[in-house]
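Right, one structure below, let's go through it.
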2 protein chains.
Amino acid sequence: MPDEPSRSPRPRAGRTTAGRRKLRHALTVAAIEKFLEQGYEATTVDEIASAAGVGRRTFFRYFRSKEDAIFPNHEEVLRDIERLFAAADPARNPVEVACAAVGLVLDFYLADPEVSVKRYALTRTVPSLRDKEVASVDRYQRVLAAYLRARFEADGDPIADLRGSVAAAAVAAAHNHVLRRWLRSGGTDDVHAHAREAFRLVTDAFSEPERQAERGEQPADQTVVAVLTTTTPLPDVVSRLSAALRGTGAEQGAP
Amino acid sequence: MPDEPSRSPRPRAGRTTAGRRKLRHALTVAAIEKFLEQGYEATTVDEIASAAGVGRRTFFRYFRSKEDAIFPNHEEVLRDIERLFAAADPARNPVEVACAAVGLVLDFYLADPEVSVKRYALTRTVPSLRDKEVASVDRYQRVLAAYLRARFEADGDPIADLRGSVAAAAVAAAHNHVLRRWLRSGGTDDVHAHAREAFRLVTDAFSEPERQAERGEQPADQTVVAVLTTTTPLPDVVSRLSAALRGTGAEQGAP
DNA sequence: TACTCTAATGGCACTGCGTGCCGTTAGCAA
DNA sequence: TTGCTAACGGCACGCAGTGCCATTAGAGTA
C-alpha cells in the first residue's frame, strides 16, 4: 500500500526511509541540473528519472508533478512549525512567535545553499515554478494566520481574524524578503542580522499599543505637556488634554 | 498574427473586441458551470468548448490553460492599478494609495457577484485552482510592492525595500480578508465598511509616526495626566513625564 | 540456508492538456 | 466583387500524470 508520494512509510522492506530521502534528493538534484542546463520545458520527466537511475514511474512516486521535483519537503517544516506553536509560551508576543516559526523555514533553506540558490534561479525565470513557489509560501502563511488569529482572539481582539491574516502576510513577506536577498547574494550575507531587522519591523507594526509601551517604544511626538492652574475645573482639564492629544492646538489654550 | 491569448487585438476583421470579450465570458461561465456540476478533473476542455459552441482549439486562444478559464482578466485590473499609481498625489500616504489600488480589485470582483461566488467555491476545493488564485494575488502584490518601495525610497526610508514588501503583503492580505469574507457571505454584506476597517489597520501599522499624528490617531493608552505643583523644578517635570510615558509607574510619584 | 511477506520498482497502456500546422471562414476595405 | 486579415476548427503530436500488474529486493522467521 505505501507507495504514492507524501506518505509516511514505515521502514520494513524494500527501500528504507533513509534510502527514500536519498533518492528523493538525487531526483531533485538531477531535475535542477537538467532544468538549468537545457530549460524546464525542454526537459522531460524521463530524462530526470534516467539521470537518477530510476524509471519514469518511480519519479511520480516521489513527486506529484514535474514542478514539485525541485522543491524541498515542506511537510516536514510545517510539522516543525506546528510543534513550535504548540510549545510556545502563551505570554509571549504572538507576532514574535510567528517570526520564530518562519525562522525555521529560513534555516531550512540555509541548510543547503547550493540547491537553494540554483532553485532560486529557476523560480525567477520559469513562471510555472514560480507559481508553485508562491503556493507553498501561501501554505506557510495560512498556518501562521491560524495561530495568530487564535492568539489575538484569546487576547480579546475584536478584529482578531483580520489582524491575524494581515500579520501573517507581513511575517511571511518579511521572511521572503530576507530569504530572497540572501539568495540574490549567492548565499553569502548575514541572514540573521537582516532577519532580526525584518522581524523587528513586523513585530513593531503589529503589536498592541500596550505591548509597544512594555517594550518602551513610543511614537515620536506623543509627548503632551499640560500646564494648568490648580483651580482649573476638572472637565476643562479633561477636554484640554483630549484636544491636545488630537493635535487641535489646545496647547495654545489659556491656563 | 494576432491569435493566441493575452494579446491586445486591434478590431479589424473577424471577431471584434467586444465579440472576444463576450466569448471569453461565455467560456468562463461554461467552465464554472461544468466544474461545479461534475468536478474539475472530470471536465475536459472539449466539454467546455462545446458548451460555449466553439472548438477545443479556440478555447486555448482565449485561455492559456484549463485552470485559467474561471479567472477574470487580471491584466485589465493591473493596468488600472498602474494608472492609479501614476496619477497618485505624491504627498498622499503611500499605503493609502496602495489600499485604493486593491480597492479596484475588490470592485472588479464585486461587479459580478454571481460568478465571483461560484469561482470561490471552486478555488476553495480544487487545489490547482487555488494555486492559480494565489499566484494572481502575488502578481498584484508585486505591483504594490514596487510602488511602495519607490515611495518609501523617495521619503528617505533606509529600509524602503523591506518596508515596501511587507506593507504590500499586508495590503494584499487585507484585501483578501475582506473579499473572502464577502464571498463567504454569498455576496451579501457591507464590503466597504469592512474594507475601510481593514485598510485602516494596515495604514496604521505602516505609517510613520509623524503621519499617524497628522491623521490625529493615537494608541489607546497614550493619555498621560500630569498633576504637578507650579513650584516643581522643570527637570523634575520632564523626567516624571517621560517616566510616565514609559509606563514605569511615575503616576504614583509624589507631586 | 531457505522461505515468506511486503514494499518498492518499472514497464505498459491510456486519458487529456497544450501546441504547431494548415485549410477554411467571416467580416472589413477598396 | 475582389482582396486582405484575423479568427476558427480540425488534425496530429509530445508529454504529463495515472491505473494496473508482474517483478524484484530486502527484512524477518524458521
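When reading the values below, keep in mind they use all heavy atoms of this one structure, side chains included, and skip hydrogens, waters and symmetry mates. Computed from a predicted model, the values in this text were never measured in an experiment. Note on naming: letters A, B, ... go to the chains in the order of the sequence lines (proteins, then strands), and numbering restarts at 1 for each one.
With C/dT19, D/dC8, C/dG10 as the candidates, the nucleotide lying closest to the side chain of B/R57 is C/dT19. Of all nucleotides listed (D/dG9, C/dG10, C/dG18), D/dG9 comes nearest to the side chain of B/V54.
Salt bridge status for A/E75 with A/R79: absent, with no side-chain N to carboxylate O gap under 4.0 Å. Classification of B/E33 and B/K118 as a salt-bridged pair holds, one side-chain N sitting under 4.0 Å from a carboxylate O.
For the residue pair B/Q38 / B/T43, a side-chain donor-acceptor distance below 3.5 Å is found, with atom types taken as modelled.
The base of C/dG18 does not come close enough to the side chain of B/R61 for any donor and acceptor atom to sit less than 3.5 Å apart.
Ring geometry, A/F206 versus B/F206: the interplanar angle exceeds 60°, so the pair is classed perpendicular (tilted spans 30 to 60°).
Atoms CZ (B/F60) and C1' (C/dC21) sit 16 Å apart, rounded to a whole Å. In this structure, CZ of B/R24 is placed 13 Å from P of D/dC8, rounded to the nearest angstrom. Whole-Å rounding puts the A/Y62 OH to D/dT18 C1' distance at 18 Å. If you measure from atom CZ of B/F59 to atom P of C/dC17, you get 9 Å, rounded to the nearest angstrom. One atom, CD of B/E67, and another, P of D/dG17, lie 11 Å apart when rounded to the nearest Å. Between the P atom of D/dC15 and the CD1 atom of A/I48 lies a distance of 12 Å, rounded to the nearest Å. Counting to the nearest Å, the C1' atom of C/dA13 and the CG atom of A/D46 are 14 Å from each other. Rounded to whole Å, the distance from CZ on B/F63 to P on D/dC8 is 12 Å.
Within the nucleic acid shown, B/S128 has no heavy atom closer than 4.0 Å to any nucleic acid atom.
Residue B/S65 has no polar side-chain atom (N or O) positioned under 4.0 Å from OP1 or OP2 of C/dC17. Checking the phosphate oxygens (OP1, OP2) of C/dG16, no side-chain nitrogen or oxygen of B/T44 falls inside 4.0 Å. Taking only side-chain nitrogens and oxygens, B/R56 never comes nearer than 4.0 Å to OP1 or OP2 of C/dG16.
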Give the intermediate values and the outcome of ring pair (Phe, Tyr, Trp, His ring centres under 6.0 Å) for residues B/H175 and B/Y140.
CA-CA 11 Å; B/H175 161 270; B/Y140 287 113; 7.3 Å; no

